[in-house]
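Reviewing the structure listed below.
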Amino acid sequence: MFTGIIEEVGEVSRIKPEGGNMHFSIKAAMTPELKIDQSVAHNGVCLTVVSINDNEYTVTAVAETLEKTNLKDLAEGSPVNLERGMKLGDRLDGHIVQGHVDQTAVCKKVQEKDGSWEFTFEYDPTLQNITIEKGSITVNGVSLTVVNSKKNEFSVAIIPYTYEYTTFKYFKEGDVINLEFDVIGKYVKRIQELK
């Protein structure tokens, strides 16, 4: 479980394919505090640390993960949002994030708004995911509040701190990002379907 509060932006240092899998080595300041078998969210995707070497660690993404997320688009030097699993008893500063990406979306618009930014994303509505106005959404692992919720599109407002300390500063129109829809909203929708 995660909260969607990004700890740092790491950098992909190496990518090694193996069969249908992809091994990603990540340079990050948090590396000395990690241990093998620990879960770390990478752009919102929960992956297990499989090795540690000095200031970098390695995780493996299987074919299904690569197919359903934007990890397949990473290259050496790519920035990646990182968050370690939450500790029991810590504050939940974002919202409940599972680290299981539901689908990807495309950045349709980036608009500067006098000191903040508004990003608009479009996603495939046939997968039955929904956003809720003022509800939570996870974009590349970042916990955010939905504004302008529509059937296949939504926007988020980004404050300067989030812009500076996540990969939002690199987003441009046409970029593919990972989405995890609010788990509470998913359960409410499912209960409504069962009635």
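Sequence positions, counted from 1, serve as the residue numbers for this chain.
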> Taking the inter-plane angle between the rings of F168 and F171 on a 0 to 90° scale, is it parallel (under 30°), tilted (30 to 60°) or perpendicular (over 60°)?
Replying inline: tilted

Does [X] use its side chain to pair, donor to acceptor, with the backbone of [Y] at less than 3.5 Å?
{"X": "N43", "Y": "V80", "value": "no"}
{"X": "E83", "Y": "G4", "value": "yes"}
{"X": "S149", "Y": "T131", "value": "yes"}
{"X": "K27", "Y": "E11", "value": "no"}
{"X": "N81", "Y": "T167", "value": "yes"}
{"X": "E18", "Y": "H23", "value": "no"}
{"X": "E173", "Y": "C107", "value": "no"}

> Under 6.0 Å between ring centres, would you say that holds for Y57 and F24?
Replying inline: no

Taking side chain as C-beta onward, heavy atoms only, is [X] less than 4.5 Å from [Y]?
{"X": "I137", "Y": "L144", "result": "yes"}
{"X": "V139", "Y": "F154", "result": "yes"}
{"X": "Y123", "Y": "Q103", "result": "yes"}
{"X": "D124", "Y": "N129", "result": "no"}

>> Between H42 and F2, does the ring pair (Phe, Tyr, Trp, His ring centres under 6.0 Å) criterion hold? Intermediate values first, please.
In response: CA-CA 11 Å; H42 300 76; F2 304 91; 9.1 Å; no

Mind listing the closest non-hydrogen atom pair of [X] and [Y] along with its distance?
{"X": "E180", "Y": "V97", "value": "OE1-CG1, 3.5 Å"}
{"X": "I177", "Y": "N70", "value": "CA-ND2, 3.5 Å"}
{"X": "T58", "Y": "S25", "value": "OG1-OG, 2.9 Å"}
{"X": "V156", "Y": "T145", "value": "CG1-O, 3.6 Å"}

> Going from OG1 on T69 to CG on N140, what distance comes out if it is rounded to the nearest 0.5 angstrom?
Replying inline: 9.5 Å

> Within a radius of less than 6.0 Å around NZ of K169, do more than 12 heavy atoms belonging to other residues, nucleotides or ligands occur?
Replying inline: yes

>> Surrounding NZ of K72 (heavy atoms of other residues, nucleotides or ligands, distance under 6.0 Å), is the total greater than 12?
In response: yes

[X] bridged to [Y] by N-O distance under 4.0 Å:
{"X": "K150", "Y": "E122", "result": "no"}
{"X": "E7", "Y": "R84", "result": "yes"}
{"X": "R14", "Y": "E56", "result": "yes"}

